[in-house]
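Working notes, structure below.
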Amino acid sequence: MKKINFLLLFFIAIIMNANANNPNRYITEATCSKAKAAIQKNGCSIPTQLIDRGLSQAAAFWTNQDGSSDDFVNFCANNFCKTLEEKDLLFTRICDNFETILGHNNRITIELLRPSHVRGYETLPVDEIFGAYSGLAHFNEDMFNNKLAFIVILNFPHFTLKEKVNNGENWTVRQWGYVRLGDVFTNRVPASVEQHISSATAAAENYIANYNIHMGMVWSDKNITYWPRNMKLITHWGLRDELKACYSDPVDGLEKQKIIYNILTRIVDQTIAEDVIDKDEYIWYPSTNQTFVQRVEIKGKSENNKRYEYLLKNFKAEKSADEYYEDGNFITRKFEDEYEISVEQTEKLFKELLSSPQVKDVSELISKRLGRKLQPFDIWYDGFKARSTMDQRMLDSITMSKYPTTEAFAADLPNILKKMGFTAEKAQFICQHVTVDPSVGAGHAWESQMRSDNSMLRTRIGDHGMDYKGYNIGVHEFGHNVEQTISLHDVDNYFLRGVPNTAFTEALAFTFQNRDLDLLGLSNNDTINSYLNTLDIFWGCYEIMGVSLVDIQTWQWMYAHPKANAEQLKNAVLQIAKSVWNQYYAPIFKVEDQTILACYSHMIVDPLYLSAYPIGHLIDFQLENYLEGKNIGKEVQRIYSMGRLTPDIWMQRAVGQSLSVQPILEAASSAADAVENYDKMMKKLQKERKEVKLPKKKRK
């Protein structure tokens, strides 16, 4: 152990905190030298480099309110661990106590948000207030005030992303835990600012969770309504998924898709009539935006930028924390600190795929399969999935019969895991740590922060049971729960829990979702399926990468125009969406200035989360290739018990490759050729069958 630590420290290039050279900081270099001497006075086996790093970072945060220079020296002398044994004992105690604090506060948040997230509650004005409350809003401030934060910083200092990437391969799992603990206290954001962020997020969540369109009141230009009166779809998830389902409707599918596309664009540009949002009182014609009651037109007002007001409030809340970080802004924090992939690297990955010649090849194949020119909404083409040719009503009847209640779905979760290769014992263990609720929104998975608690699986389960959309989302979210449980219970230590970033949990969720039909016993074992799956992932990347670029560029615009109002922000988002569309989609779809790439609700409710999806798709593809022919349950347990390493180290250990678009690009080329040849063969067979004439029977 000592040899490993020595080598580790020898190879780490110590990058001292920039504040060490800041002449305005309260604790001087001379005071740090006194503190170091006090630490080493009676012997200390911790390497000098780590002492210097811990002192420098602690000094950067220490103010006169924390104590005098002498107080700083005495504090460091009394609280710096002198041996590796002392350090490991302290680490274990912090793990236990942080799990208690974070775990119980996470449960409080889950319960306070229950009326907003779970069906069966009457909506009350106080729900949003309770939902905005955060028991951890004062956590960072409290930890600095009681000086626990300084104890952590002294003994478990922060390492930069570059240092983690360059040296992390040589670290043990315990050392990785030390490093992740060092990521906890890197700022002194006041509790009031944290609460401001929490309130803005909760308000946006409540807005989106109740943004439903009653499809039975939506009419076409031909005065036809295609949907049942009781169907309501949440934006954007429900609307998008219904648009996808329309590909299996050869009669009315195209017309229904055009209507849904009009709805989505009206939400984006905010011309949508306010009276049709989560209300079923008016007949609505999305193409003209007219609303009627008993054939009398009602002149209602538009939503009038409310969507962008919530986005702007999220921006202002996040920006208010910028001054408490040494450098960068929320964009930097999201990508480099949370995703641990720079925004530049992310954009480069996305643009490489969006500009690839494979996009044109696959789009031409889709056009041939549809028998028409591509429409802008064909970014959601769903024909590469096995279910795309299946009757949506048939799928609904299967899932609603199998899962009539929330309890029925929860009871079947162990069987789902066993079908995927998990042992009965492990399946039971995981499912004992997952609680299923019927969701108000589209559905989500909420992780547990302590081993004695459960993660939450929320999906839509109607009065008549779980329809296929709800089941499909439920399987996806269950994939998150499996990751959340394994990466909490099976890791070496509490601070190593989780995955490198949200894209890695999305990857496993996609792995589960890709098998939803198999789990229903509707699998198709044709050899062409692997090619279809490749094209499905590729086209999904093509769609969501453009959406993500719009999200990133929107935040970049807000930072460049911090005083903009909601109207200006809306106009900017529309222009950004058009610009990204014109660069990467117009050459394919032959139509310019579309705004549909700005329709995702994540932009409003979950700042800069969207990039996790395409990165997740890329990881999913590499993960799927690796899992082929292997026991999925066994490999998933091995891979997701590694914990929160950096993305590249995780990928190398998981599948033996770095994150890249090249695997999916190479596979897409051969897949497009194979599927095109397959389609030609099938058309030829169908034609031959029609031409075959049975001989007439002779009369006796």
Minimal heavy-atom distance between Pro286 and Ile259, with the atoms involved, is CG-CG2, 4.0 Å

Mark yes or no for whether Ser548, through its side chain, and Ile544, through its backbone, hold a donor-acceptor pair below 3.5 Å. yes

Are the side chains of Arg369 and Phe384 in contact, using a 4.5 Å heavy-atom criterion? yes

Rounded to the nearest 0.5 Å, what's the gap from CG on Leu685 to CE on Met682? Could you check? 6.0 Å

Would you mind reporting whether Phe512 and His480 have side-chain heavy atoms less than 4.5 Å apart? no

If only atom types and distance count, is the side chain of Asp382 paired as donor or acceptor with the main-chain N or O of Ala245 below 3.5 Å? no

Side chain of Arg119, backbone of Ile461: donor and acceptor closer than 3.5 Å? yes

Between Tyr542 and Tyr585, is the gap from one ring center to the other below 6.0 Å? yes

Decide yes or no for Leu395 and Leu522: does some side-chain heavy atom of the first lie under 4.5 Å from some side-chain heavy atom of the second? yes

When you check the side-chain N and O atoms of Glu567 and Asn305, is any donor under 3.5 Å from an acceptor? yes

Do Asn289 and Trp284 have a side chain donor and acceptor closer than 3.5 Å? yes

So, the side chain of Asp378 versus the backbone of Gln375: is there a donor-acceptor pair under 3.5 Å, distance only? yes

Between the side chains of Trp227 and Glu242, is a donor N or O closer than 3.5 angstrom to an acceptor N or O? yes

Run the ring-ring contact (aromatic ring centres under 6.0 Å, His included) test against Phe377 and tell me which residues pass, sequence neighbours left out. Tyr261

Counting only heavy atoms from other residues, nucleotides and ligands, does the tally under 6.0 Å from OH of Tyr531 exceed 12? no

Donor + acceptor pair across side chains of Tyr285, Asn223 (<3.5 Å): yes

Do side-chain atoms of Asp536 reach the backbone of Leu532 as a donor and acceptor pair under 3.5 angstrom? no

Heavy-atom nearest pair, Ser116 first then Asn206, reads OG-OD1, 4.0 Å

To the nearest 0.5 Å, atom CD1 of Ile234 lies from atom CG of Asp241 at 11.0 Å

Kindly indicate, with the supporting measurements, whether the criterion side chain to side chain donor-acceptor pair (under 3.5 Å) is fulfilled by Tyr609 and Glu506. CA-CA 11 Å; Tyr609 184 88; Glu506 289 297 346; 2.5 Å; yes

Could you tell me the separation between the NZ atom of Lys232 and the NZ atom of Lys279, rounded to the nearest 0.5 Å? 13.0 Å

Using a 4.5 Å cut-off on heavy atoms from C-beta on, say whether the side chain of Tyr584 contacts that of Leu549. yes

Between Arg460 and Ser439, do the side chains contain a donor N or O and an acceptor N or O under 3.5 Å apart? no

With a 3.5 Å distance limit and no angle check, can you tell me whether Asp606 reaches the backbone of His602 through a side-chain donor-acceptor pair? no

Between Trp539 and His617, does the ring centre distance come in under 6.0 Å? no

Would you check if the side chain of Ser397 reaches a backbone N or O of Met394 as a donor-acceptor pair within less than 3.5 Å? yes

Tell me the closest heavy-atom pair linking Leu113 and Gly131, and the distance in Å. CD2-CA, 3.5 Å

In the structure I gave you, are the side-chain heavy atoms of Trp446 and His117 within less than 4.5 Å of one another anywhere? yes

With no hydrogens and no angle check, is any side-chain donor or acceptor of Thr595 less than 3.5 Å from a backbone partner on Leu574? no

Is Thr235 close to Ile213 at the side-chain level, that is, under 4.5 Å between some pair of heavy atoms? no

Tell me yes or no: between the side chains of Glu624 and Asn514, is some donor less than 3.5 Å from an acceptor? yes

Centres of the Tyr247 and Trp380 rings: under 6.0 Å? no

Taking the six-membered ring for Trp and the single ring otherwise, decide whether the centroids of Tyr211 and Tyr207 are under 6.0 Å apart. yes

Keeping Glu477 on the side-chain end and Ala445 on the backbone end, is there a donor-acceptor pair under 3.5 Å? yes

Distance in Å, Asn314 CG paired with Thr201 OG1, rounded so as to fall on 0.5 Å steps: 5.0 Å

Could you verify whether a donor N or O on one side chain and an acceptor N or O on the other, from Gln513 and Asn472, lie under 3.5 Å apart? yes

When you compare the side chain of Ile267 with that of Arg307, does any pair of heavy atoms fall below 4.5 Å? yes

Tell me whether Arg458 is salt-bridged to Asp437, with the criterion being a basic N under 4.0 Å from an acidic carboxylate O. yes

Within the 3.5 Å criterion, strictly below it, is a donor on Asp275 or Thr291 matched to an acceptor on the partner's side chain? no

For salt bridge (Lys or Arg N to Asp or Glu O under 4.0 Å), just list the numbers for Glu255 and Lys222, CA-CA rounded to whole Å, side-chain angles, deciding distance to a tenth of an Å, and then say yes or no. CA-CA 10 Å; Glu255 184 62 29; Lys222 299 176 182 179; 5.0 Å; no

Can you list everything that forms a ring-ring contact (aromatic ring centres under 6.0 Å, His included) with Tyr403? Sequence neighbours excluded, please. Phe409, Tyr471

Using the rule given for salt bridge (Lys or Arg N to Asp or Glu O under 4.0 Å), can you reason through Lys368 versus Asp679, listing the C-alpha separation, both sets of side-chain angles and the distance that settles it, and then say yes or no? CA-CA 9 Å; Lys368 291 176 184 177; Asp679 287 348; over 6 Å; no

What I'd like to find out is whether the side chain of Lys402 reaches to under 4.5 Å of the side chain of Met466, using heavy atoms alone. no

For residues 203-213, pull every pair meeting salt bridge (charged side-chain N to carboxylate O under 4.0 Å, His left out), keeping only residues two or more places apart or in separate chains. none

Asp467-Thr399 side chain donor-acceptor pair, cut-off 3.5 Å: no

Okay, side chain of Ser363, backbone of Lys360: is any donor-acceptor separation there less than 3.5 Å? yes

